[in-house]
> 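Quick one: this structure, given as structure tokens, is what I'll be asking you about.
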Amino acid sequence: MALPGTLSARWESAYQDFDSYNVVGKITGSDAKLRDEYVVHSAHLDHLGVGAPVRGDSIYNGAHDNATGVASVLEIAGIYSRLKQKPHRSILLVLQTGEELGLLGSAYFAARPTVPSTSLVANVNTDMPTLIAPLLSVVPLGAQHSTLAGPVAQAAAYLKLTVEDDPEPEQNRFIRSDQYSFVAQGIPALHLKYGNRTPDGRNNLSEQVKQWRALTYHKPQDDMNGTFDFEAGRTYVQLNFLVGYLVAQNPERPRWNPGDYFGRQFGGQQ
């Protein structure tokens, strides 16, 4: 029904244009045919910059989110560069901007890559691995939608890691980071996160992460003074490298599982 009265409002906004760049590196593959196809290792390099002070600090460093992801990709690049025999497929190492603003850098790259778009076969994304405790298990967000589940299982078994299902499927984390930009272009992708296993067998790492999120996530306190488990970081790098390497070595491209939603929506499946 009609309500009596009137409302008067005034709203102002401001914006500023600025340039922010993706950074892309390439390691050429060794196979004459497959070197023209690419496996993408990615991470986002932006954070929130300078903002509202929290406990006296206004610089949002983003050490875990996502400097650890960027460092992981750089270490992965180092591993590939030291291989005497490069993998069959070529490797792209992509550091993307604008993730915190809505996956802008990855969306731009996935739609306008520096190589032919049809040559991208898979994306292995690293975003906020939360390396605050020993890494004993992992959750491969998105792997269940494609044949990427195979190399994940193989790599995890080699490193003696348990593979777990997403404990929070209602959070839709698979579509909330840069890997989804590749999915939207029909490219199978995944994002490896920490699992719940702990050395004491209580398997409640999620509780520690929950506390970390409350005190540190997206706050200036996410800096190098925080908790880091560097051995977990090494394992995380090894895992991501092995997954990408196995994909690069396989003569067959990764493919969406039959009838999968993302395959139907973006991958051209019927």
> For T97 and S20, which I'm curious about, is there any donor-acceptor pair between the side chains at under 3.5 Å?
yes
> Would you check, one step at a time, whether the test salt bridge (charged side-chain N to carboxylate O under 4.0 Å, His left out) holds for D31 with R89?
CA-CA 7 Å; D31 185 87; R89 286 189 176 88; over 6 Å; no
> Which pair of heavy atoms, one from A122 and one from P254, lies closest together, and at what distance?
CB-CG, 3.9 Å
> Check whether N257 reaches the backbone of D260 with its side chain - one donor and one acceptor, N or O, closer than 3.5 Å.
no
> Going by the side chain to side chain contact (heavy atoms under 4.5 Å, CB included) test, name the single residue among N240, V237, L242 that passes it with I79.
V237
> Taking I76 as the starting point, is it possible to reach V138 by hopping between hydrophobic residues whose side chains are less than 4.5 Å apart?
yes
> If you measure from CG on L92 to OH on Y38, what distance do you get to the nearest 0.5 Å?
6.5 Å
> Less than 4.5 Å apart, any side-chain heavy atom of P134 and any of D229?
yes
> List the atom pairs, with distances to 0.1 Å, where a side-chain N or O of residues 103-112 and a protein N or O form a donor-acceptor pair under 3.5 Å, not counting sequence neighbours.
unit_1, atom_1, unit_2, atom_2, d
S106, OG, L103, O, 3.2
S106, OG, D178, OD1, 2.6
S106, OG, S181, OG, 2.8

> Taking the inter-plane angle between the rings of Y60 and H47 on a 0 to 90° scale, is it parallel (under 30°), tilted (30 to 60°) or perpendicular (over 60°)?
tilted
> Taking the side chain as every heavy atom from C-beta outward, state whether Q249 and Y245 have any atom pair closer than 4.5 Å.
yes
> With rounding to the nearest 0.5 Å, note down the distance linking CZ in F230 to CZ in R234.
12.5 Å
> State the CG-CZ distance between N196 and R202, to the nearest 0.5 angstrom.
11.5 Å
> Between E100 and H218, do the side chains contain a donor N or O and an acceptor N or O under 3.5 Å apart?
yes
> Give a yes-or-no answer on whether the side chains of E37 and S90 include a donor-acceptor pair shorter than 3.5 Å.
no
> Does T235 use its side chain to pair, donor to acceptor, with the backbone of E231 at less than 3.5 Å?
yes
> Please check if V243 and V139 belong to a single hydrophobic cluster, counting links between Ile, Leu, Val, Met, Phe, Trp and Tyr side chain heavy atoms closer than 4.5 Å.
no
> Can you name the nearest heavy-atom pair linking G186 to W256, along with the distance?
O-NE1, 3.2 Å
> Go through H145 and Y261 one step at a time and tell me if the ring pair (Phe, Tyr, Trp, His ring centres under 6.0 Å) criterion holds.
CA-CA 8 Å; H145 298 289; Y261 169 81; 8.3 Å; no
> Which heavy atom in F182 sits nearest to a heavy atom in A189, and how many Å separate them?
CB-CB, 4.4 Å
> Applying side chain to side chain contact (heavy atoms under 4.5 Å, CB included) to W212 and T227, what does each step give before you reach the verdict?
CA-CA 9 Å; W212 179 87; T227 300; 5.8 Å; no
> Mind listing the closest non-hydrogen atom pair of V121 and P188 along with its distance?
O-CD, 3.7 Å
> Determine the minimum heavy-atom distance between F228 and A63, stating which atoms define it.
CZ-CB, 3.7 Å
> Counting neighbours of CG on D165 that are heavy atoms of other residues, nucleotides or ligands and sit closer than 6.0 Å, is the number greater than 12?
no
> Could you walk me through whether K210 and E207 pass the salt bridge (charged side-chain N to carboxylate O under 4.0 Å, His left out) check?
CA-CA 5 Å; K210 185 177 180 180; E207 296 179 10; over 6 Å; no
> Hey, does V73 have a side-chain heavy atom less than 4.5 Å from the side chain of T126?
yes
> I'd like to check R173 versus H191 (side-chain heavy atoms, cut-off strictly below 4.5 Å). Are they in contact?
no
> I want to check a possible cation-pi pair here: R213 against Y217, using under 6.0 Å from ring centre and within 45° of the ring axis as the test.
yes
> Is there a path of hydrophobic side-chain contacts, each under 4.5 Å between heavy atoms of I/L/V/M/F/W/Y residues, joining L159 to L246?
no
> Is the shortest side-chain heavy-atom distance between V152 and L190 below 4.5 Å?
yes
> Enter the distance from L205:CG to T130:OG1 here, rounded to the nearest 0.5 Å.
8.5 Å
> Please confirm whether the backbone N or O of Q179 pairs with a side-chain atom of S177, one donor and one acceptor, at under 3.5 Å?
no
> Has Q154 got more than 12 heavy atoms of other residues, nucleotides or ligands less than 6.0 Å from its CD?
no
> Should the heavy atoms of other residues, nucleotides or ligands under 6.0 Å from OH of Y21 be counted, would the total exceed 12?
no
> Is L161 close to L239 at the side-chain level, that is, under 4.5 Å between some pair of heavy atoms?
yes
> Could you check whether any side-chain heavy atom of V94 comes within less than 4.5 Å of a side-chain heavy atom of V23, counting everything from C-beta outward?
no
> Decide whether N123 and S42 meet the rule of one side-chain donor and one side-chain acceptor closer than 3.5 Å.
yes
> Check the hydrophobic clustering (I, L, V, M, F, W, Y; side-chain heavy atoms under 4.5 Å; chains of links allowed) and say if I132 and L135 are grouped together.
yes
> For residues F241 and H41, establish whether the separation of their ring centroids is below 6.0 Å.
no
> Would you sort out whether I27 and L93 count as a side chain to side chain contact (heavy atoms under 4.5 Å, CB included), showing the intermediate values?
CA-CA 8 Å; I27 295 175; L93 306 142; 4.0 Å; yes
> What are the two closest non-hydrogen atoms of A156 and V163, and how far apart are they?
CB-CG2, 3.6 Å
> Is E12 salt-bridged to R10, cutoff N-O under 4.0 Å?
yes
> Has K86 got a side-chain atom pairing as donor or acceptor with L83's backbone, closer than 3.5 angstrom?
yes
> Would you say the side-chain atoms of T162 and R197 include a donor-acceptor pair closer than 3.5 Å?
yes
> Would you confirm whether D223, through its side chain, and N61, through its main-chain N or O, come within 3.5 Å as a donor-acceptor pair?
no
> What distance do Q221 atom CD and H64 atom NE2 have between them, rounded to the nearest 0.5 Å?
12.5 Å
> Counting only heavy atoms not in R255, do more than 12 fall under 6.0 Å of its CZ?
no
> Taking the side chain as C-beta and beyond, is there a heavy-atom pair between D65 and D127 under 4.5 Å?
yes
> Which value, rounded to the nearest 0.5 Å, describes the distance between D166 atom CG and N172 atom CG?
9.0 Å
> Quick one: does T198's side chain have a donor or acceptor within less than 3.5 Å of a partner on N203's backbone?
yes
> Could you check whether Y194 and Y236 have their ring centres less than 6.0 Å apart?
no
> Checking T68 side chain against N66 main chain: does a donor-acceptor pair fall under 3.5 Å?
no
> Report yes or no: do L192 and L131 belong to one cluster of Ile/Leu/Val/Met/Phe/Trp/Tyr joined by side chain heavy-atom distances under 4.5 Å?
yes
> Checking side chain to side chain donor-acceptor pair (under 3.5 Å) against S30, which of Q85, R35, K84, H88 comes through?
Q85
